[in-house]
Amino acid sequence: MKVAFWSPSRESLGVTTNMACIAGIASMSGAGRTILLENHYSIHNIADIILPTEQTSELREQAKYYAKYGIEYVLKQIYAGKDGAEVIHQSAVPLLYERLLYLPQSYIVNREVFNYEFGLVQEELFRCLERAAEYVFVDTETNRNLSSNVILSDADLIVVNLKQDPQMFDDFFRENASIREKAVYLIGSYQKDFEFNLRRICYEYQIDRKRIGAIPLNTELVSAAAQGRLLQFLSMNFYKACGRENDYFMRQLKRATMMLRQNMIQVRRNKAADDAPFRTGTDN
């Protein structure tokens, strides 16, 4: 199943961190293997928040000297006719006892070339990704470049990342009608005491409460992510959170993760129901 994490705003809304948190909790809860990737180059990427500094440095060193690294290598191998699922397993970084995989990025020198190569093999790429893992989480670039548009169009669900700002909600619902049908929502850096809270958001924008979640701001998480130890923070607080702030954060994060899981399950059921007539056939 393909899940795109995206924000309509160029502001820093923690899309990458939110995706890593959801993926980490889902993997720890036994939801099935998840693979993470991004379709764009960023100074602060997934590796920076889930891999300790020494491991990130090692990956970047390999990127300078070896071709067998990152999503560009996977794209080229698929285009050459290789077994994409096998290439992905060889190129991905296993985490949480291989319940979570990260397909790292290399240095994307030319974005236009990357978008072109991505477009050539995107259908086969996602088929291979879904063979490698039950869930494919993609950190998608805000500016809706070519590959982002392809991913958003092809995704089973789109996790729209927003903040507690009525203007941002107004802009999203005015400009993005085409993706609303398969959108679920995450409110990052959520503060429950704000007047523009979840209840009001659901009421004013007619959002089903089962399609929205909140991830509160947490200072320890921010510090852990800056050191590449986000997964360690989640693991330490998964069963019994340390402190009131962490307890509130983990409860809300688990609720947001369950919200997404329930929507993924529903999408899977709907797809199975749609495919049923083709599997059984009809006799006249």
Side-chain angles (χ1 to χ4, degrees), residues 1-7 12-38 42 44-56 59 88-89 92-105 129 132-140 157-161 184-190 212-243 245-265:
M1 177 170 294
K2 303 175 289 295
V3 182
F5 284 70
W6 175 76
S7 172
S12 179
L13 297 182
V15 178
T16 304
T17 301
N18 291 346
M19 184 180 79
C21 284
I22 294 283
I25 293 297
S27 298
M28 292 174 195
S29 302
R33 179 178 288 172
T34 301
I35 189 164
L36 307 178
L37 68 150
E38 52 241 308
S42 174
H44 302 292
N45 59 28
I46 298 171
D48 292 320
I49 64 176
I50 66 172
L51 300 178
T53 304
E54 58 273 16
Q55 193 170 356
T56 305
L59 280 173
I88 288 166
H89 275 299
V93 179
L95 301 160
L96 298 177
Y97 304 101
E98 297 197 13
R99 293 194 297 266
L100 184 65
L101 301 174
Y102 169 50
L103 182 59
Q105 62 175 221
L129 287 167
E134 285 86 347
Y135 304 105
V136 180
F137 285 6
V138 189
D139 181 0
T140 311
L157 280 173
I158 300 172
V159 182
V160 179
N161 292 254
V184 297
Y185 305 90
L186 275 184
I187 312 303
S189 300
Y190 181 74
I212 189 169
I215 299 183
L217 178 66
N218 182 282
T219 54
E220 285 192 39
L221 174 77
V222 172
S223 177
Q227 301 172 46
R229 300 189 180 278
L230 180 145
L231 296 178
Q232 287 87 334
F233 170 84
L234 297 179
S235 181
M236 286 189 298
N237 288 279
F238 184 77
Y239 292 106
K240 184 175 176 58
C242 304
E245 181 185 2
N246 290 348
D247 179 68
Y248 174 66
F249 173 81
M250 292 300 293
R251 283 190 287 111
Q252 293 300 318
L253 175 57
K254 288 178 180 179
R255 287 176 184 172
T257 304
M258 181 57 67
M259 177 275 296
L260 180 57
R261 283 186 64 182
Q262 289 173 343
N263 278 280
M264 290 192 297
I265 290 169

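Every value quoted in this text rests on a predicted model; they were computed, and no experiment measured them.
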Asks: Report the residues that fulfil side chain to side chain donor-acceptor pair (under 3.5 Å) with S235, sequence neighbours left out, ordered by chain and then residue number.
Replies: none
Asks: Over all heavy atoms of both residues, which pair between S29 and F238 is shortest? Give the atoms and the distance, please.
Replies: OG-CZ, 3.6 Å
Asks: Measuring only between side-chain heavy atoms, which start at C-beta, is L36 closer than 4.5 Å to M19?
Replies: yes
Asks: With the side chain counted from C-beta on, respond yes when I50 and L95 share a heavy-atom pair under 4.5 Å apart, and no when they do not.
Replies: yes
Asks: As an exercise, state the distance from CE of M258 to CD1 of I22, rounded to the nearest 0.5 Å.
Replies: 11.0 Å
Asks: Quick check: closest heavy atoms across A92 and P104, and the distance to 0.1 Å?
Replies: CA-CD, 4.3 Å
Asks: Decide side chain to side chain contact (heavy atoms under 4.5 Å, CB included) for V136 and L37; before the verdict, give the C-alpha distance in whole Å, the side-chain angles of both, and the deciding distance to 0.1 Å.
Replies: CA-CA 8 Å; V136 180; L37 68 150; 3.7 Å; yes
Asks: Could you tell me which residues satisfy ring pair (Phe, Tyr, Trp, His ring centres under 6.0 Å) with F137, sequence neighbours excluded, listed by chain and number?
Replies: F5
Asks: Checking the side chain of S27 only, and the main-chain atoms of I25 only, is there a donor and an acceptor separated by less than 3.5 Å?
Replies: no
Asks: Residues two or more places apart in sequence or in another chain: which of them pass side chain to side chain donor-acceptor pair (under 3.5 Å) with E220?
Replies: N246
Asks: Out of curiosity, F249 CZ to T219 OG1, how far, rounded to the nearest 0.5 Å?
Replies: 10.5 Å
Asks: Please confirm whether the backbone N or O of L234 pairs with a side-chain atom of N237, one donor and one acceptor, at under 3.5 Å?
Replies: no
Asks: Quick one: side-chain hydrogen bond (donor to acceptor under 3.5 Å, both in side chains) pairs with a partner in residues 16-25, sequence neighbours left out?
Replies: T16-D139, N18-N161
Asks: Checking F233 now: which residues fulfil ring pair (Phe, Tyr, Trp, His ring centres under 6.0 Å) with it, not counting sequence neighbours?
Replies: none
Asks: Which residue pairs pass the salt bridge (Lys or Arg N to Asp or Glu O under 4.0 Å) test with at least one member in residues 245-258, sequence neighbours excluded?
Replies: D247-R251
Asks: Do R229 and P52 come within less than 4.5 Å of each other through their side chains, counting heavy atoms only?
Replies: yes
Asks: Check whether any side-chain heavy atom of V222 lies under 4.5 Å from a side-chain heavy atom of L217, and answer yes or no.
Replies: yes
Asks: List the atom of L231, the atom of G24, and the distance in Å for their closest heavy-atom pair.
Replies: CD2-CA, 4.1 Å
Asks: Measure the spacing between CD1 of I35 and CD1 of I88 and express it to the nearest 0.5 Å.
Replies: 5.5 Å
Asks: Kindly compute the distance separating OH (Y185) from CG (L260), expressed to the nearest 0.5 Å.
Replies: 13.5 Å
Asks: At their closest point, which heavy atom of A256 faces which heavy atom of G213, and how far apart are they?
Replies: CB-CA, 4.2 Å
Asks: Can you check whether I46 reaches Y102 side chain to side chain, under 4.5 Å on heavy atoms?
Replies: yes
Asks: Test side chain to side chain contact (heavy atoms under 4.5 Å, CB included) on C21 and L230; report intermediate values, then the result.
Replies: CA-CA 8 Å; C21 284; L230 180 145; 3.9 Å; yes
Asks: Can you tell if the side chain of L13 reaches within under 4.5 Å of the side chain of L186, non-hydrogen atoms only?
Replies: no
Asks: Which heavy atom in Y190 sits nearest to a heavy atom in A214, and how many Å separate them?
Replies: CG-CB, 3.5 Å
Asks: Which value, rounded to the nearest 0.5 Å, describes the distance between M28 atom CE and R99 atom CZ?
Replies: 8.0 Å
Asks: Counting only N and O atoms by type, is there a donor-acceptor contact under 3.5 Å from the side chain of R33 to the main-chain atoms of E98?
Replies: yes
Asks: Could you check E38 against V138 for side chain to side chain contact (heavy atoms under 4.5 Å, CB included), going step by step and ending with a plain yes or no?
Replies: CA-CA 5 Å; E38 52 241 308; V138 189; over 6 Å; no
Asks: Go through the steps to decide whether T34 and L101 satisfy the test side chain to side chain contact (heavy atoms under 4.5 Å, CB included), and finish with yes or no.
Replies: CA-CA 6 Å; T34 301; L101 301 174; over 6 Å; no
Asks: Kindly compute the distance separating CE (M259) from CD (Q252), expressed to the nearest 0.5 Å.
Replies: 11.0 Å
